[in-house]
Structures are given as C-alpha cells and as structure tokens.
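First the proteins, then the strands, lettered A, B, ... as listed; each starts at 1. Here the structure is a predicted model, which is why all the values come from computation and not from measurement.
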There are 2 protein chains.
Amino acid sequence: MDALELLTKHDIKPSLQRLAVMEYMLTHSTHPTVDEVYNALAPSIPTLSKTTIYNTLNLFEECGVVTYLGIDKKNARFDGNTTQHSHFRCNECGAIYDIMTQESGTVVLDEHPELVVNETHTYYKGYCKTCTKKLQPA
Amino acid sequence: MDALELLTKHDIKPSLQRLAVMEYMLTHSTHPTVDEVYNALAPSIPTLSKTTIYNTLNLFEECGVVTYLGIDKKNARFDGNTTQHSHFRCNECGAIYDIMTQESGTVVLDEHPELVVNETHTYYKGYCKTCTKKLQPA
DNA sequence: CTTTGTGCAAATTCTTTGCACCAAA
DNA sequence: TTTGGTGCAAAGAATTTGCACAAAG
C-alpha cells in the first residue's frame, strides 16, 4: 500500500507535506526521530517547518498509521511499519533493529482479564554484534 | 532486601538522600516520575533538590537497582521492582499496572543470535476496567 | 586534607501552542 | 467564503550542566 492510499484510507487529507512524511516513513525502517524526518525532507520542501513534522507524526500516530516507540530515552521515535514486530536497541551505539515475532491475535492477560489490551510493545535491550566485539576484543 | 543492603551491594555510597530515594522506590510500586519522588521526599528532607533526584535515579538505573520505563510519553518513570514483570498502561487515565510474567532465563532471539539481550521490556496499552466502563456505559 | 555528594541557577533540548497566512473545496 | 493545513516565533516542560559549598572518610 502506498502513501496516498494509506492516508486516504484513514481519512487524512493528503497534503504535500503529509504525503512526503508518509512516504518517508514507509521507505525508511530506521525508526526516525522528528529531527531526522525534518532533516531528510527539508531540502526538497524548502518551506517545511519542524512544527509540521510534529503535527503530522502526532496525527499519524492517533490515526494508527505510524507507531510511537518509547525505546529511546532522549527522543520520540516513530515506526511506519505497523505490523506486529518488536525492537532491539543496542545500549552502546543506539542502533535499533526490527525483530520479527509471531502474529498473535487478541491478547488477554491471564491474571487481568478486565484489562482491554490494544497494543503490545516489546523492547529488547543489550549489545549488537559490532559493539560486543568492540567491548570484548579477542 | 532493604535499601541499605541494596545500595551497599552495588557499591553505591548510602547517603541520606540516596537511602530515602531507594526506600521510596522499594515501598511504592507506582512507577513514579522524578517529580513524584521529589514531592514525596521534599517535606522530610527540606534541603532536597530535584537535581539530586535526577542524579540519584540515573545512578540507580546505571547500577541496575531501578529500571527505566519508557511507557509514558511525557515523563521518565522508574520501577524499584527489578524482578521480571511487564506493564499495562491505560490510554485513558494513565494508570500503570504490573503484570506478572514467567521468569525466563537468558533470551536468545531466534533470527538474531548475534544480539546479546540484557533486558526485555513488555508494555501493554489499552483501557482499564474503570475507563472501559466510563467510555461504554451500559 | 581529599574525595564525593548536594543543590542552586542557568543552560539545553524536546515539544507544544498561539496566531497569521495560505491553499483547497 | 469557509475550512483546515502550514509555519514562524514564543512558550512550556523535562532534563542536564557548571559550579560552589558541605559532608564524610
């Protein structure tokens, strides 16, 4: 599904800026911050403002077309891939990897059947291959 | 294990302030923010500064005696319970519940055996009993 | 003494808000 | 026109930093 279809499907009016942000999110699985999206798009949209990136990503998140990631203590990160998967973050270099996980249907918490679960987020933290080597040289 | 033992075991010098913060974290499973800890302790330690709470909680987190929770978009939250469990956050009222989960030993990600996993964080988001009722009255 | 923790104030960073202007229906 | 999006500048909030003083060994 391309950017235009996705926005239309969610009743989001497809402005130039919104299409550009959506397109960027769909083609970059880097879990970018607001700044990263802004810096990537600003050259091609000279009048672009960071406020618009905030507006747009917040709107997208409310509509469920991107996901907010709380994995990074400093900045908000967003993921354009809303299919079921989890994330690994390297404590050393900060790189974030996608980890594929099984689709699981409706989640019911055994001990808390009264809690209605809409989203499940799983974050792994540790060290990536490069940083493991760097920190424990042969 | 009490606050003093815990700090000593991690080679953290047990100042008055640090003991008070650790004690608070051990006796309040409310996943408090820096502000909440500060407001709770300030009356009994009149000279207390918020900087000290930041210093202390950051130190504790580095030493692994408290856990940082990225579940709340606005503020950093901390958990004095470092045993294996996950969290549920109500999208409506913001309440955070502990969800007990099975102890699982060393985690190895099937498709990424090269990633060394130190921590696994699972967050559920949805609606708690009270808010479910409120939003869908009989 | 010497090291280390504390706490004030200032600085930084991230994010939101108010408002005027622009664009599209 | 009227509605809604954009973007600037300012405000707001959370967190960090620099530095002087205090405390403990």
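- Residue B:Tyr54 places none of its side-chain N or O atoms closer than 4.0 Å to OP1 or OP2 of D:dT16.
- With rounding to whole Å, B:Asp11 atom CG is found 12 Å from C:dG5 atom P.
- Here the P atom of nucleotide C:dT6 and the CG atom of B:Leu19 are 10 Å apart, to the nearest Å.
- Contact annotation: B:Gln17 side-chain N/O to C:dG7 OP1/OP2 distance is under 4.0 Å.
- At whole-Å resolution of the value, CD in A:Glu62 and P in C:dT16 are 10 Å apart.
- Rounded to a whole Å, the CG atom of A:Leu57 is 14 Å from the P atom of D:dG7.
- As a whole-Å value, the separation of A:Ile12 CD1 from D:dG4 P is 15 Å.
- Of the residues near DNA chain C, A:Ala76 and B:Pro46, the one whose nearest nucleotide (by heavy atom distance) lies more toward the 5' end is B:Pro46.
- Taking 4.0 angstrom as the limit, B:Ser49 places none of its side-chain polar atoms (N or O) nearer than this to OP1 or OP2 of C:dT6.
- If you look at B:Phe60 and B:Phe78, their ring centroids are not closer than 6.0 Å.
- Toward the 5' end of DNA chain D, the nearer of the two residues A:Lys74 and A:Ser15, judged by each one's closest nucleotide, is A:Ser15.
- Between A:Thr51 and D:dC8 there is no side-chain polar atom (N or O) within less than 4.0 angstrom of OP1 or OP2.
- Taking atom CG of residue B:Leu16 and atom C1' of nucleotide D:dA22, one finds them 13 Å apart after rounding to whole Å.
- Here A:Asp35 lies out of heavy-atom contact (under 4.0 Å) with every strand.
- Each of A:Val34 and B:Thr56 was matched to the nucleotide of DNA chain C holding its nearest heavy atom; the match closer to the 5' end belongs to B:Thr56.
- Residue B:His31 holds its NE2 atom at 12.0 Å from CZ of B:Arg89, rounded to the nearest 0.5 Å.
- The existence of a salt bridge linking A:Glu114 and B:Lys133 is excluded, since no basic side-chain nitrogen approaches an acidic carboxylate oxygen closer than 4.0 Å.
- Atom NZ of B:Lys74 sits in a sparse spot, with 12 or fewer heavy atoms from other residues, nucleotides or ligands closer than 6.0 Å.
- Contact annotation for A:Asn58: backbone-only contact, meaning every heavy-atom pair under 4.0 Å involves sugar-phosphate atoms and none involves a base.
- Checked against A:Thr56 for a side-chain contact (heavy atoms from CB on, under 4.5 Å), the options A:Asn58, A:Thr52, A:Leu59, A:Ile53 give a single hit: A:Thr52.
- Residue contacts shown for B:Lys50 are absent, as no nucleic acid heavy atom lies under 4.0 Å away.
- When rounded to the nearest whole Å, the span between OH of B:Tyr38 and C1' of D:dT15 equals 15 Å.
- Using a 4.0 Å heavy-atom cutoff across all strands shown, B:Thr33 reaches no nucleic acid atom at all.
- Taking atom CG of residue B:Asn55 and atom P of nucleotide D:dA14, one finds them 18 Å apart after rounding to whole Å.
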